[in-house]
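This report refers to the structure that appears directly beneath it.
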Amino acid sequence: MGIEKVYNARQVEAEWLERWGEKDLFKSVPDHRTPYTIVIPPPNVTGILHMGHMLNNTIQDILIRRARLRDFNVCWVPGTDHASIATEAKVVKMLRDQGITKSDISREKFLDHAWEWTNKHGGLILNQLKRIGCSCDWTRTKFTLDEDLSDSVIDTFIRLFDEGYLYRDKKIVNWDPEAKTTLSNEEVIYKEEETELYYLKYKIVGSNDYLSIATTRPETIFGDTAVAVNPNDKRYKKLKNKKLIVPIVNREIPIVFDDSVEIDFGTGCLKVTPAHSEKDFLIGKKHNLEIIDVFNDDASLNEHAMDFAGKDRFKVKKEIIEKLNDEGLISKIENYNHNIALSERTSCVVEPKLSLQWFVKMKELAKPALDAVLSGEVKFHPKKYINVYRNWMENIRDWNISRQLYWGHRIPVFYLKTDNSKFVVAKNIKEALKKFKSKFDNHDITIKDLIQDDDVLDTWFSSWLWPISVFDGVREPENEDINYYYPTSDIVTGPDILFFWIARMIISGYYFRGKKPFNNVYFTGLVRDEKGRKMSKQLGNSPDPIELIENYGADGVRIGLLFSAPAGNDLLFDTKLCEQGKNFSNKIWNAFRLINGFETSNEKDQELHEIAAIKWFNEELNLKINAINNAFDKFKISEALMITYKLVWDDFCSTFLEIVKPKFGEKISQKTITEINLLFNKILSILHPFMPFISSEIQSKFIHKDQNLEWPKSRNADNKIIGNFEHVNELITKVRNFKKTNSIGFKDSIKIYYQNKILDGQLKSVLEKLTNCELIQSKKNESSKMNSILVGKHNYFIESDKKLSEADILKVKEDLDYNIGFKNILEKKLSNKKFVDNAPNQVIENEKKKLDDINSKISSLENKLNSLSN
RNA sequence: GGGCGCUUAGCUCAGUUGGUUCAGAGCACUUGGUUUACACCCAAGGGGUCGGGGGUUCGAAUCCCUCAGCGCCCACCA
């Protein structure tokens with residue numbers, strides 16, 4: 001027949017990609033059903049797919065597809081992020097390669113290049129998402145710089161300003177000298193590094209003495225405008241009203257007393273550089289000190305640095321040390337472990353810099369968002385991130401949102417050219433002019449007198465609106481989409497953007513709509529390599545997802561990733577798991593091949609073992625569906641997958657199909673075939689969220705095309721049916737073992753005598769089929785000269801010429817001893833008054849039951865031993 | 001410095017309120033197998049003082065204390 005022996009993922013997936021490529025296929029519009037909504041964490045528009053995306057989006061697709069099978073109105077909104085700083089860095093580099101410097105061209109020209117770049121490279125990642133099977137509503141694809149989303153950002157800015165949540169202030173901020181922009185605190189990462197602590201000698205004016213001052217940054221001495229000591233530091237009380245000479249610079253600076261200085265650090269003296277440290281800035285403000293900025297935008301030294309002007313900060317540091325050393329002005333150099341601040345994007349050392357920026361007042365905004373998570377209104381999976389979130393939210397600091405970049409949403413603030421302390425916030429320059437006229441009561445102003453802020457907004461200032469703005473809920477707060485789809489159901493992301501994104505979305509959700517943006521947050525782990533190392537370009541340990549898909553199939557990789565991904569834990573990715581996924585695809589494929597090849601007979605009645613298998617598998621299926629649903633409810637997706645995996649492989653293939661499959665050349669009754677098909681269809685449905693390609697393929701090729709994939713309903717399983725079947729299964733294993741140890745061939749028939757009532761005709765039929773044995777119900781104990789098998793507390797006797805060996809007898813003896821020991825423990829426990837008084841009845845009942853079982857087991861073992869030694 | 005989490009089989013991890021289902025799963029490993037769907041397979045098997053120590057309890061992987069190791073987040077000192 002036409003079905004290949006080995007599943008050809010590449011071919012099948014190619015066909016399905018084409019079918020799923022239809023734009024409208026996963027389109028969602030509001031209707032009477034309950035919505036199930038996810039907004040994608042928008043990847044960088046020029047990004048390429050990595051393993052993190054693969055994991056993240058596979059999980060989303062699983063949730064989405066399951067919801068679709070459950071007949072929710074499913075809406076998965078895809079899109080991309082303009083990623084202000086990351087994209088701008090790429091464009092700057094591209095221009096540099098062409099010999100163009102950013103500062104040489106106009107803003108407009110630069111943006112032309114950036115759009116060109118975006119149009120060329122953008123959206124690639126969305127196509128890659130399709131390769132892994134993502135079933136997004138592609139008609140809703142959004143980009144954070146689209147007109148509607150940009151409008152939303154600007155509207156938001158204006159509203160926040162009008163309501164008093166935005167302010168402009170001169171503060172010490174994080175400066176990225178490579179990208180030449182400020183960064184938010186979240187965009188700075190700290191790394192421990194061994195550096196030196198230099199003890200510099202500052203001459204005391206009017207004396208030949210020097211004051212020793214410890215610093216890690218000798219290159220900033222040009223900006224020193226004081227030295228501070230703690231007022232309680234007895235050593236320096238005598239220095240009141242004295243002045244010091246800054247080495248090299250030879251400038252006189254005062255000594256100030258400030259209790260923020262730590263007495264125990266270094267010499268207890270702090271050189272104060274208000275332009276280059278937050279702490280120094282605060283001291284400077286308090287004591288009214290002069291502020292001298294010594295750096296250019298690229299962190300080279302400026303004119304204040306005298307001979308060192310124009311040189312890079314690290315170079316200057318070296319040279320200053322040399323010079324100070326030559327002049328005998330260094331008293332000591334110590335090794336010192338120090339956290340250096342690095343830019344998340346460019347990895348260069350961040351410079352604290354005093355500058356005028358826009359900030360969002362966060363404290364008040366954060367409150368409802370904090371409460372929502374603490375009260376469980378918004379649920380985190382796993383829960384451990386609640387504390388991390390709380391810790392951050394309780395200590396939240398104002399958010400610096402201006403960036404000195406071109407690529408992004410330009411800040412909608414318009415200043416008077418002649419006096420930039422006068423400004424208005426407005427949608428465009430016309431509006432601005434109107435506002436200016438009324439605000440400053442000056443009707444002579446024209447558009448030419450105004451200038452818009454040069455800066456753009458932090459990327460996350462648009463991302464935090466994502467769940468609202470993709471449904472146009474900022475501009476049209478009462479539109480049908482936003483009212484239907486918001487709050488969204490779940491969001492899936494890595495914990496690394498908990499503060500960048502998740503926290504801020506919750507904040508903005510409550511602020512702009514008074515409602516949470518989503519019910520559940522699922523945090524994936526970090527994808528690491530099989531040795532636990534982070535995936536990185538340098539190590540070359542980051543596999544290309546597309547290449548993996550080519551090798552193992554998208555289904556195989558999806559499964560492989562999830563096999564190793566318990567919620568929230570980092571996962572150690574190993575291609576071996578994809579191999580397992582691929583094998584699983586093949587297993588499913590072959591089950592299909594088998595079932596598809598069954599030949600029907602209209603005359604034939606159902607065999608007893610077929611009825612037994614169907615009866616049992618129905619129960620087992622209910623049991624497993626409940627377990628899978630339960631796992632999904634708790635967002636334990638790997639667990640849901642593992643249950644599915646075992647259900648398919650062990651229960652359906654190894655057990656169920658082995659029973660129902662006809663002997664060579666035989667046919668199956670129509671009734672059985674129909675029931676098998678029904679069951680297989682349910683199996684495919686459960687598999688579908690995890691493995692959409694193969695399940696769709698088989699379902700479409702299936703004879704019974706009228707059965708659609710839908711998430712199977714379940715009820716409580718009948719434990720008696722399952723229990724009896726398990727009893728039979730255990731007996732089968734033991735019979736097989738018996739045959740094996742006694743070198744009885746697989747096809748050789750043996751006779752088994754039994755007395756219990758568990759085995760009805762159907763189960764007997766199962767046993768006979770799988771073990772080639774003849775089951776005979778006997779009235780009296782047939783134990784003599786027979787080998788016994790104990791299953792639960794029931795004995796089975798096998799007729800066999802073979803006598804058990806000495807070793808076997810020894811084994812029985814050991815078994816007996818063990819059980820007698822166990823019996824003693826149980827009896828002791830049950831005669832313990834404290835136990836009987838305190839333990840719940842159920843526990844005691846159970847212990848008694850155990851004792852019963854043990855007793856019957858012991859007597860049967862004794863019987864066996866007797867018969868053997870006769 | 002402040003906060004959080006982890007340590008269970010060779011590996012990766014499950015183990016809800018202490019007691020039925022508690023010592024589990026997958027992979028790996030060992031042994032046997034050309035059983036007409038699948039060797040990308042089948043059948044069977046071995047393997048753990050639940051990080052160490054102490055405590056509470058009739059009973060602890062589970063609760064408390066303590067020690068050791070690992071990891072994450074936040075803040076940041078010149």
Side-chain angles (χ1 to χ4, degrees), chain A residues 3 5-7 185-186 190 197-198 213-217 220 227-228 260-262 264-273 277-280 336 338-339 341 382 384-392 394-395 397 495-496 498-499 526 530 532 552 556 563-566 568-572 574 576-577 579-598 634 636 638-639 641-643 645-646 653-654 657-658 661 663-665 732-734 736-737 739-741 745-747 770 772 829 832-840 842-847 849-850:
Chain A
I3 303 174
K5 197 167 167 178
V6 175
Y7 174 60
N185 296 326
E186 290 68 43
Y190 292 91
L197 186 61
Y198 304 95
I213 294 165
T215 180
T216 54
R217 301 211 60 189
T220 62
V227 164
S260 70
V261 179
E262 281 185 36
D264 298 332
F265 190 89
T267 59
C269 303
L270 167 69
K271 75 183 198 62
V272 183
T273 322
S277 144
E278 188 166 3
K279 184 171 183 169
D280 292 14
Y336 181 57
H338 181 60
N339 276 339
K384 65 179 175 185
Y385 289 110
I386 295 174
N387 280 326
V388 181
Y389 177 81
R390 177 166 70 183
N391 193 18
W392 190 75
E394 282 174 348
N395 301 297
R397 293 151 54 137
D496 51 327
L498 171 54
F499 308 135
L526 221 65
E530 72 277 7
Y552 302 101
F563 271 139
S564 55
N569 281 8
D570 286 358
L571 60 105
L572 274 52
D574 193 334
K576 264 197 287 189
L577 294 167
E579 186 99 43
Q580 200 185 336
K582 184 182 169 187
N583 294 351
F584 188 42
S585 306
N586 200 49
K587 184 74 186 174
I588 298 163
W589 186 250
N590 274 287
F592 164 55
R593 231 160 58 90
L594 175 68
I595 294 170
N596 198 55
F598 286 160
K634 293 189 209 147
K636 297 193 167 189
S638 307
E639 194 179 310
L641 170 63
M642 187 49 76
I643 300 167
Y645 180 79
K646 285 193 278 190
C653 293
S654 296
L657 287 180
E658 285 303 323
K661 92 176 170 193
K663 286 183 184 149
F664 187 63
I732 289 169
T733 302
K734 292 199 169 166
R736 280 173 176 160
N737 274 334
K739 281 188 163 183
K740 192 175 171 186
T741 51
F746 170 78
K747 286 178 177 165
L770 293 186
N772 269 316
K829 199 171 175 183
N832 183 336
K833 204 169 171 289
K834 281 182 181 171
F835 173 75
V836 178
D837 291 350
N838 293 310
Q842 226 181 0
V843 175
I844 295 171
E845 283 303 309
N846 187 59
E847 296 296 308
K849 219 167 124 193
K850 262 193 205 163

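Below, chains carry the letters A, B, ... as their sequence lines are ordered, and counting in each starts from 1.
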Checklist line | Distance, C1' atom - from B:G46 to B:G51, rounded to whole angstrom | finding: 25 Å
Next item on the list: Can you tell me the pairing partner of B:C77 across any strand shown, Watson-Crick or G-U wobble, with both distances under 3.5 angstrom?
Entry: none
Checklist line | Atom pair distance, as rounded to whole Å: CG in A:Asn339 and C1' in B:G2 | finding: 14 Å
Check: Between B:A14, B:U16, B:A75, which nucleotide has the shortest distance from any of its atoms to the side chain of A:Lys636?
Finding: B:A14
Next item on the list: Give A:Val272 one of three labels, base, sugar-phosphate or nothing, depending on what nucleic acid heavy atoms sit under 4.0 Å from its own.
Entry: nothing
Margin query: Partner lookup for B:G47, please. Criteria are Watson-Crick or G-U wobble with both distances under 3.5 angstrom; report none if nothing qualifies.
Written below: none
Notebook entry, point to check: Nearest to the side chain of A:Phe499, which nucleotide is it out of B:A75, B:C73, B:G26?
Noted result: B:C73
Item checked: Length of the CG-C1' vector between A:Asp570 and B:C72, whole Å -> 9 Å
Check: Given that both distances must come in under 3.5 Å, which nucleotide forms a Watson-Crick or G-U wobble pair with B:U57?
Finding: none
Check: So which one's nearest nucleotide on RNA chain B is more toward 5', A:Val388 or A:Thr216?
Finding: A:Val388
Checklist line | Sidechain-backbone polar pair: A:Lys587 side chain, A:Cys653 backbone, donor-acceptor under 3.5 Å | finding: no
Check: With sugar-phosphate meaning primed atoms plus P, OP1 and OP2, does A:Asn387 contact a base, only sugar-phosphate, or nothing at under 4.0 Å between heavy atoms?
Finding: sugar-phosphate
Note to self: The side chain of A:Lys634 is closest to which nucleotide in this list: B:U12, B:U16, B:G5?
What the structure shows: B:U16
Check: Say you pick atom C1' in B:A37 and the same atom in B:G32; how far apart are they, in whole Å?
Finding: 22 Å
Note to self: Taking ring pair (Phe, Tyr, Trp, His ring centres under 6.0 Å) as the criterion, tell me which of A:Tyr645, A:Tyr552, A:Tyr7 meets it with A:Phe584.
What the structure shows: A:Tyr645
Notebook entry, point to check: Are A:Met642 and A:Phe563 side-chain neighbours, meaning at least one heavy-atom pair lies under 4.5 Å?
Noted result: yes
Check: Can you tell me how far NZ of A:Lys661 sits from CG of A:Leu594, rounded to the nearest 0.5 angstrom?
Finding: 6.5 Å
Checklist line | Heavy-atom closest contact (A:Phe499 atom, A:Val388 atom, distance) | finding: CZ-CG1, 3.6 Å
Notebook entry, point to check: For the atom pair CZ (A:Arg390) and CG (A:Asn395), what is the distance rounded to the nearest 0.5 Å?
Noted result: 11.0 Å
Margin query: In whole Å, I'd like the distance from the CD atom of A:Glu394 to the C1' atom of B:A75.
Written below: 15 Å
Checklist line | B:G47 to B:U30 separation - C1' atoms, rounded to the nearest Å | finding: 11 Å
Note to self: Please report the distance, rounded to the nearest Å, between CG in A:Leu572 and C1' in B:G10.
What the structure shows: 15 Å
Notebook entry, point to check: For the ring pair A:Trp392 and A:Tyr389, is the centre-to-centre distance below 6.0 Å?
Noted result: no
Next item on the list: Name the pairing partner of B:A14, where a pair is Watson-Crick or G-U wobble with both distances under 3.5 Å, or state none.
Entry: none
Next item on the list: For the pair A:Asn586 (side chain) and A:Lys582 (backbone), establish whether a donor and an acceptor sit closer than 3.5 Å, ignoring hydrogens and angles.
Entry: no
Next item on the list: Check the side chains of A:Asn590 and A:Arg593 for a donor-acceptor pair under 3.5 angstrom, ignoring hydrogens and angles.
Entry: yes
Next item on the list: Grab the CE-C1' distance between A:Met642 and B:A14 for me, whole Å please.
Entry: 10 Å
Check: For A:Glu639 and A:Asp264, take the nucleotide of RNA chain B holding the closest heavy atom to each; which residue's nucleotide lies nearer the 5' end?
Finding: A:Glu639
Item checked: Separation of atom CD1 in A:Ile213 from atom C1' in B:C77, rounded to whole Å -> 15 Å
Item checked: Counter-base of B:C4, judged by Watson-Crick or G-U geometry with both distances under 3.5 Å -> B:G71
Checklist line | Whole angstrom value for the distance that separates P of B:A25 from CG of A:Leu577 | finding: 18 Å
Next item on the list: Using the P atoms only, state how far B:G10 lies from B:G5, rounded to an integer number of Å.
Entry: 28 Å
Note to self: Taking B:G48 as the reference, what is the distance to B:G24 when you measure between their C1' atoms (whole Å, please)?
What the structure shows: 11 Å
Checklist line | Nucleotide B:U12, atom P - distance to CD of A:Gln580 in whole Å | finding: 16 Å
Next item on the list: For nucleotides 36-46 of chain B, just jot down a letter per nucleotide in 5' to 3' order: B, S or -, based on protein non-hydrogen atoms under 4.0 Å.
Entry: BBBSBSSSSS-
Margin query: Only pairs with both distances under 3.5 Å count, Watson-Crick or wobble alike; so what is the partner of B:U34 in this structure?
Written below: none
Note to self: I'd like the C1' distance from B:U20 over to B:G26, given in whole Å.
What the structure shows: 26 Å
Item checked: Nearest-Å distance once atom C1' is located in both B:A14 and B:C27 -> 14 Å
Margin query: Suppose you measure atom P in B:A68 against the same atom in B:A43; what distance do you get, rounded to whole Å?
Written below: 50 Å
